[in-house]
Amino acid sequence: MRVEIWSDIACPWCYVGKARFEKGLAGFAHRDDVEVVHRSFELDPGRAKDDTELVTDMLARKYGRTPDEVRAMEANVAANAQAEGLGYLTEGRDHGSTFDIHRLLHLAKARGRQDELLALAYRANFAEERSVFDDSVLLDLAVEAGLDAEEARAVLADPEAYADEVRADEREAAELGANAVPFFVFDRRYGVSGGQPAEVFAQALEQAWKDRPVTAGDDAAACDADGACEVPGTAARNA
């Protein structure tokens, strides 16, 4: 069974939602048969690469909130993050374009290190004083995740590298009707929006597993209704 997760590094509820989903998955009896794929979604796709500002300033401007209201918003998210065992800085974090991060995550996916890089990027962005909008930080994170430094550097230097993959993920999100993240899709049958409690993800996993299609195997041992049992391949050899 496949679970696809559309998210953005700049999204605090994606950070919290990932932890809650993983808790739900940890208690799922068939967790070893679940493939998790992270998909790209930019909350601020029109922002230029070098256009960064403090998160608190962005929130105040975007939502027309006072500094006290922004602090209250951030404190609420921090409390939810801390309840999941996550670190969360309420002040001093940057906000900027996440396009390069998504491109690097596609490289990590191709190298089997996507989840590792995503976890490191979330932690750097929300819990550590490391700006993920700085190429040198991104390169350090890529190496920490197990990627080759020169390959990661080449991707960051080429704005077209994995750009099509990022845009394809975003088009698919639009086709699925996802206009907010995190957005979880279970075997293309069920969708869960937002950083829901772990119990909600556990229920979605159970339901999707129950409703998954059953496919026939290839040339497997079987017994007929009359009790005759055949070893795979023997019928052809005896013909």
Side-chain angles (χ1 to χ4, degrees), residues 5-24 38-105 117-138 141 166 169-170 173-174 176-185 191-204:
I5 306 173
W6 274 264
S7 61
D8 192 14
I9 292 297
C11 165
W13 292 111
C14 295
Y15 177 49
V16 173
K18 181 177 186 294
R20 290 175 174 173
F21 168 76
E22 288 171 351
K23 285 185 178 179
H38 297 283
R39 303 285 192 191
S40 299
F41 190 107
E42 295 171 273
L43 289 174
D44 200 352
R47 184 177 284 264
K49 177 181 174 64
D50 59 353
D51 181 12
T52 61
E53 63 181 323
L54 289 174
V55 167
T56 49
D57 290 345
M58 179 275 293
L59 292 173
R61 175 177 48 77
K62 183 175 181 178
Y63 297 109
R65 302 297 180 89
T66 67
D68 284 345
E69 289 172 330
V70 169
R71 281 192 287 271
M73 290 167 61
E74 284 289 88
N76 176 55
V77 181
N80 278 271
Q82 290 159 5
E84 303 302 330
L86 302 172
Y88 193 93
L89 297 172
T90 58
E91 295 182 0
R93 299 196 334 270
D94 291 337
H95 177 77
S97 170
T98 56
F99 187 59
D100 284 350
I101 306 171
H102 285 297
R103 295 194 302 109
L104 205 55
L105 282 165
L117 179 57
L118 183 62
L120 287 168
Y122 273 139
R123 189 175 70 190
N125 189 43
F126 290 106
E128 301 172 347
E129 293 184 358
R130 302 170 73 187
S131 177
V132 295
F133 309 104
D134 183 320
D135 280 359
S136 64
V137 172
L138 281 182
L141 293 173
V166 174
D169 278 356
E170 293 175 335
L176 290 171
N179 53 18
V181 286
F183 186 62
F184 302 77
V185 177
V192 173
S193 182
Q196 300 287 346
E199 294 78 11
V200 173
F201 292 118
Q203 292 168 6

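The analysis underlying the following values was restricted to heavy atoms, covering all of them including side chains, and did not include hydrogens, waters or symmetry mates. In this text the structure is predicted, and so the values were computed from the model without any measurement.
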Asks: Tell me whether E53 is salt-bridged to R47, with the criterion being a basic N under 4.0 Å from an acidic carboxylate O.
Replies: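 So E53 pairs with R47 through a salt bridge.
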Asks: Nearest 0.5 Å, please: how far is CD1 in I5 from CD in E22?
Replies: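 That separation rounds to 7.5 Å.
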Asks: Find the distance between OG1 (T98) and CG (L104) and round it off to the nearest 0.5 Å.
Replies: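 Atom-to-atom, T98:OG1 and L104:CG are 12.5 Å apart.
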Asks: Between D134 (side chain) and R130 (backbone), is there a donor-acceptor pair under 3.5 Å?
Replies: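 Answer holds: no.
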Asks: So how far is it from N125 CG to S131 OG, rounded to the nearest 0.5 Å?
Replies: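 If I round to the nearest 0.5 Å, the distance is 7.5 Å.
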Asks: Taking the side chain from R93 and the backbone from L89, do they hold a donor-acceptor pair closer than 3.5 Å?
Replies: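 Yes; judged by distance alone, with no hydrogens or angles, the pair exists.
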Asks: Inspect the contact between K49 and D135 and indicate whether a charged nitrogen and a carboxylate oxygen are less than 4.0 angstrom apart.
Replies: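 Salt bridge flag = yes for K49 with D135.
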Asks: For D94 and V55, work out which heavy atoms get closest and say how close.
Replies: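 Nearest pair, atom of D94 first, then V55: O-CG2, 3.3 Å.
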Asks: Here's a test for you: under ring-ring contact (aromatic ring centres under 6.0 Å, His included), which of W13, Y15, F201 qualifies with F21?
Replies: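 Going through W13, Y15, F201 one by one, the ring-ring contact (aromatic ring centres under 6.0 Å, His included) with F21 is satisfied by F201 alone.
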Asks: For A10 and L43, work out which heavy atoms get closest and say how close.
Replies: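 Scanning both residues completely, I find the closest heavy atoms to be C-CD1, 4.3 Å.
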Asks: Between the side chain of R71 and the main-chain N/O of A75, is any donor-acceptor distance below 3.5 Å?
Replies: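 Absent.
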Asks: Step by step, work out the side chain to side chain donor-acceptor pair (under 3.5 Å) result for Y88 and E74.
Replies: CA-CA 9 Å; Y88 193 93; E74 284 289 88; 3.0 Å; yes
Asks: Any idea which heavy atoms bring K23 and A83 closest together, and the distance?
Replies: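 Distance-wise, the nearest heavy atoms are NZ-O, 4.1 Å.
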Asks: For the CD atom of E128 and the CG atom of L120, what is their distance to the nearest 0.5 Å?
Replies: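 Between atom CD of E128 and atom CG of L120 there are 8.0 Å.
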Asks: Please report the shortest heavy-atom distance between D100 and L138, naming the atom on each side.
Replies: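 The pair with the smallest heavy-atom distance is CB-CD1, 4.2 Å.
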Asks: Taking the side chain as every heavy atom from C-beta outward, state whether S7 and Y122 have any atom pair closer than 4.5 Å.
Replies: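 Of all side-chain heavy-atom pairs linking Y122 with S7, at least one is under 4.5 Å.
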Asks: Please work out which of the three classes, parallel, tilted or perpendicular, describes the rings of W6 and F183, given edges at 30° and 60°.
Replies: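 Rings of F183 and W6: tilted, as their planes differ by 30° to 60°.
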Asks: Tell me if a side-chain donor or acceptor on Q196 pairs with a main-chain N or O of S193 at a distance below 3.5 Å.
Replies: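 Side chain of Q196 to backbone of S193, a donor-acceptor pair under 3.5 Å: yes, one is there.
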Asks: Before you tell me yes or no, could you show the steps for V166 and F99 under side-chain contact (heavy atoms from CB on, under 4.5 Å), namely the whole-Å CA-CA distance, both residues' side-chain angles and the distance that decides it to 0.1 Å?
Replies: CA-CA 8 Å; V166 174; F99 187 59; 3.7 Å; yes
Asks: Checking the side chain of H38 only, and the main-chain atoms of L118 only, is there a donor and an acceptor separated by less than 3.5 Å?
Replies: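 Not a single qualifying donor-acceptor pair exists.
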Asks: If you measure from CG on D8 to CD1 on I101, what distance do you get to the nearest 0.5 Å?
Replies: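 Interatomic distance, D8 CG to I101 CD1, rounded to 0.5 Å: 7.5 Å.
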Asks: Does any N or O in the side chain of R20 come within less than 3.5 Å of the main-chain N or O of G195, such that one atom is a donor and the other an acceptor?
Replies: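 Yes.
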Asks: Of all heavy-atom pairs between C11 and P182, which one has the smallest distance, and what is that distance?
Replies: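 Closest approach of C11 to P182: SG-CD, 4.2 Å.
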Asks: Please check: side-chain N/O of T66 versus main-chain N/O of E69, any donor-acceptor pairing under 3.5 Å?
Replies: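 Looks like yes, one N/O pair under 3.5 Å.
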Asks: Show the nearest heavy-atom pair for residues I9 and A121, with the distance to one decimal.
Replies: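 So the minimum-distance heavy-atom pair works out to CD1-CB, 3.7 Å.
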Asks: Hey, could you give me the NE2/OG1 distance between H95 and T56, rounded to the nearest 0.5 Å?
Replies: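 Here the interatomic distance stands at 11.5 Å.
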Asks: Using the side chain to side chain donor-acceptor pair (under 3.5 Å) rule, take H102 and D169 through it: C-alpha gap first, then chi angles, then the decisive distance, then the call.
Replies: CA-CA 10 Å; H102 285 297; D169 278 356; over 6 Å; no
